[in-house]
A.B. asks: 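Please see the structure below; I have some questions.
Small disclaimer: the values here were computed from a predicted structure and weren't measured. Here is the naming used below: chain letters follow the sequence lines, and residue numbers restart at 1 for every chain.
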Protein chains: 2
Amino acid sequence: MSLPHAILTALLERPSSGLELTRRFDRSIGFFWSATHQQIYRELGRLEQAGLIRPVPQPPSRGQRKEYEVLPAGREALAGWVGEQQDPKPIRDALLLRLRAAAVVGAPGLAAELSRHLELHQRQLDEYREIERRDFPAERAAGENRLQHVVLQAGIQLETFWTEWLAQALAALDEE
Amino acid sequence: MSLPHAILTALLERPSSGLELTRRFDRSIGFFWSATHQQIYRELGRLEQAGLIRPVPQPPSRGQRKEYEVLPAGREALAGWVGEQQDPKPIRDALLLRLRAAAVVGAPGLAAELSRHLELHQRQLDEYREIERRDFPAERAAGENRLQHVVLQAGIQLETFWTEWLAQALAALDEE
DNA sequence: CATTCCATGTAACTCGTTACATGATTAG
DNA sequence: CTAATCATGTAACGAGTTACATGGAATG
């Protein structure tokens, strides 16, 4: 049950319409919780139904955009969720599965696929590093956005892991 | 569409009944692709329907266990899947989301939760290391199970990342 | 013979994905 | 005026989860 809370967080950071949310779920928030516009509209409906958000009364009418804001009940629901106990999800990765399958049925073409993934992860890593340079310059490291920085670092370290591991895996595949 | 291929891989490694598969999905295979017995039985039905596996003719009747084995068509389907292009899934992690939410609504109790996760990941890491020591002793590193070892190393490195990052996150949370 | 465990399933639901629909605004 | 794009949705499906059902085998 994370999507509604992802949306509540996003709306607290800034009230938005469905499309704006969709855009934001392609960038910052989407870096660790992605969602399509279909999911978002469905969830906005449920959150409004549940009395956790409401459409903000509009400046006379700009097209048909519907801007939402979080109600006090929504903020409380989010705070409660943040404090819950939730066990980490076990790893679920198709690439690892494919490597294991390759050990049984052979691996033609897998090296190319690993290289491709390596490049994709490298690109993502570069993007995160760029964001870090822009948003968290070294000399005000202990600011109020310590938490955001730590979240970004998780992304950086995860992508670093993938690039390093994929290089290892390629080396191992070479020796087959 | 990974579950059917996970099952095909498992059955190629060793023909099994539904319950045996369930057990194996709690251990080795489950370390990167978990599944419940309900999922497994449903998928076994589909795979049999599709002509990719079949129940192996039974030694007169041992209870009601139904053992399955992979047919040639199943092996081909698996080999094809291994060679496909599949983009890596973006990160989707509720804990990172909760940290971001905590930056907005506050974080009472989050430190305790991070510590708890740290301990869980540490335990998982220890388990992987134990498996590595048992199944991949140093001096025959270049054997035929190079690929299995590389998969296990992914698990080890991922858990290592989490333990290190959680320590950082706890430190950051402390300074709030 | 009652209970527990083994073994295989059904049913109902939620979440995420893919394909499609519809009306309003803007650009050429 | 037409086409593109903005913005909000609906519908159908598949994968995963949770709760429950059923019957045989083994144990006291």
A.B. asks: I need the OH-C1' distance between B/Tyr41 and D/dT17, as an integer number of Å.
C.D. replies: 17 Å
A.B. asks: Identify, between A/Ala35 and B/Ser17, the residue whose nearest nucleotide on DNA chain C lies closer to the 5' end.
C.D. replies: B/Ser17
A.B. asks: Tell me which nucleotide among C/dC15, C/dA7, C/dG16 gets nearest to the side chain of B/Leu19.
C.D. replies: C/dA7
A.B. asks: Between B/Glu20 and B/Arg42, which residue's closest nucleotide on DNA chain C lies nearer the 5′ terminus?
C.D. replies: B/Glu20
A.B. asks: Quick one: which of C/dC20, D/dT8, D/dC20 gets closest to the side chain of B/Gln38?
C.D. replies: D/dC20
A.B. asks: Send over the distance from B/Gln39 CD to D/dA19 P, rounded to a whole Å.
C.D. replies: 15 Å
A.B. asks: With respect to the side chain of A/Trp33, which nucleotide from C/dG16, C/dG9, D/dG9 is positioned closest?
C.D. replies: C/dG16
A.B. asks: Would you call A/Glu69 and A/Arg54 a salt bridge, taking side-chain N to carboxylate O under 4.0 Å as the test?
C.D. replies: yes
A.B. asks: Between P on D/dG9 and CG on A/Leu47, what's the gap in Å once rounded to a whole number?
C.D. replies: 13 Å
A.B. asks: For the side chain of B/Lys89, counting heavy atoms from C-beta on, which of D/dA15, C/dT17, C/dG9 is nearest?
C.D. replies: C/dT17
A.B. asks: Tell whether B/Arg92 reaches the base of C/dG16 with its side chain through a donor-acceptor pair below 3.5 angstrom.
C.D. replies: no
A.B. asks: Taking NZ, NE, NH1 and NH2 as the nitrogens, is one of them in A/Glu113 or A/Arg116 under 4.0 Å from a carboxylate oxygen of the other?
C.D. replies: yes
A.B. asks: When the distance from CD1 of B/Ile40 to C1' of D/dT18 is rounded to whole Å, what number comes out?
C.D. replies: 16 Å
A.B. asks: What I want to find out is whether A/Arg23 reaches A/Glu20 closely enough, with some N-O distance under 4.0 Å, to be called a salt bridge.
C.D. replies: no
A.B. asks: Reckon B/Thr22 touches a base, only the sugar-phosphate, or nothing at all at heavy-atom distances under 4.0 Å?
C.D. replies: nothing
A.B. asks: I need the CD1-C1' distance between B/Ile7 and C/dT8, as an integer number of Å.
C.D. replies: 14 Å
A.B. asks: In this structure, how many angstroms lie between the C1' atom of D/dG16 and the CE atom of B/Met1, rounded?
C.D. replies: 15 Å
A.B. asks: Between A/His37 and A/Tyr41, what is the ring plane arrangement, given parallel below 30°, perpendicular above 60°, and tilted in between?
C.D. replies: perpendicular
A.B. asks: Starting at NE2 of B/His37 and ending at P of C/dG9, how long is that distance when rounded to a whole Å?
C.D. replies: 10 Å
A.B. asks: Rounding to an integer number of Å, can you tell me how far A/Arg24 CZ sits from D/dA7 P?
C.D. replies: 15 Å
A.B. asks: Could you check whether B/Ser2 gets within reach of a base, just the sugar-phosphate, or nothing at all, counting any heavy atom under 4.0 Å?
C.D. replies: nothing
A.B. asks: State which residue, out of A/Ile7, A/Ile40, A/Thr22, A/Leu21, fulfils the side chain to side chain contact (heavy atoms under 4.5 Å, CB included) condition with A/Ser16.
C.D. replies: A/Leu21
